[in-house]
Amino acid sequence: MLACVHQEHERERLSRPGGWRNRDFYDEVPRRRRLVEGTGLAAGVTFVTFFIMLLAVGHESDDCGLNCHDGDGILPHEAGHPWTGYQESWQWQAQWLLGVGSLAFAFAALIASTRTDWRRWTPLGLVLAVLCGAGWVAWVLLEPANPV
């Protein structure tokens, strides 16, 4: 009788590799992270978009100043100038929103990359952060010059 119990126990022990002490008790083992789901890539993108955000905030405050044609500076209101000649132009705030949005999406991707259940959202956050950052850089490079 005792030998049967010992043999049964031995069969159960061999059917659980590593024994019960080494089990992680998950129903399934989570899959490995892809490169775009990793925390390192998300941290790198967050680092770069932080500098884009700093440049965006500085650029938005460096608008036309006293050379504006909307009557806020020393010049009277005149129509027909590029949008950079008007301090109340919506493009200044849109550029600022792209710069700050790139950091917000990158930070959300960084948080999602550290959580097992949320890591599937990491690539979406990274793509949105890169698109916002690249959109801000392209827009600033292609905008008309500030009036002098």
Side-chain angles (χ1 to χ4, degrees), residues 8-75 77-148:
E8 185 178 337
H9 175 68
E10 189 65 25
R11 271 194 308 268
E12 286 180 17
R13 187 182 69 80
L14 293 175
S15 68
R16 292 184 304 213
W20 64 271
R21 288 183 296 263
N22 294 334
R23 299 280 307 220
D24 56 6
F25 296 106
Y26 287 113
D27 290 338
E28 60 186 47
V29 177
R31 64 178 173 78
R32 290 192 50 147
R33 292 178 184 214
R34 295 178 290 174
L35 177 65
V36 295
E37 293 177 342
T39 307
L41 182 63
V45 170
T46 304
F47 183 75
V48 170
T49 57
F50 176 73
F51 288 107
I52 290 176
M53 185 271 308
L54 289 178
L55 291 171
V57 169
H59 181 71
E60 197 262 338
S61 65
D62 187 27
D63 55 7
C64 54
L66 295 176
N67 296 324
C68 292
H69 293 284
D70 54 3
D72 290 341
I74 59 174
L75 300 175
H77 179 72
E78 295 178 7
H81 294 280
W83 66 267
T84 52
Y86 301 98
Q87 191 170 17
E88 296 300 322
S89 176
W90 64 269
Q91 285 92 340
W92 295 112
Q93 285 78 26
Q95 284 182 345
W96 177 86
L97 185 65
L98 278 176
V100 173
S102 67
L103 180 64
F105 285 128
F107 191 69
L110 181 63
I111 291 172
S113 71
T114 62
R115 308 280 188 249
T116 303
D117 295 337
W118 297 354
R119 70 179 179 193
R120 63 187 163 145
W121 297 103
T122 303
L124 177 66
L126 290 175
V127 166
L128 291 174
V130 168
L131 285 176
C132 286
W136 181 84
V137 169
W139 195 352
V140 168
L141 290 176
L142 296 175
E143 75 182 14
N146 282 347
V148 179

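Predicted model only: the values in this text are computed from it and were never measured.
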- Item | From CH2 (Trp121) to CG (Leu126), nearest 0.5 Å | 13.5 Å
- Item | Non-neighbouring partners of Leu54 that pass side chain to side chain contact (heavy atoms under 4.5 Å, CB included), sequence neighbours left out | Phe50, Phe51
- Message: Using a 6.0 Å cut-off, check whether atom CH2 of Trp118 has over 12 heavy atoms from anything other than its own residue.
- Response: no
- Query: Counting N and O atoms only, with roles assigned by atom type, does the side chain of Thr122 sit under 3.5 Å from a partner on the main chain of Ser113, one being a donor and the other an acceptor?
  - Reply: yes
Side-chain atoms of residues 92-112: list all donor-acceptor pairs with protein atoms under 3.5 Å, sequence neighbours left out, distances to 0.1 Å.
from	atom 1	to	atom 2	distance (Å)
Trp92	NE1	Tyr86	O	3.0
Gln95	OE1	His59	NE2	3.2
Gln95	NE2	Glu143	OE1	2.9
Ser102	OG	Gly99	O	2.7

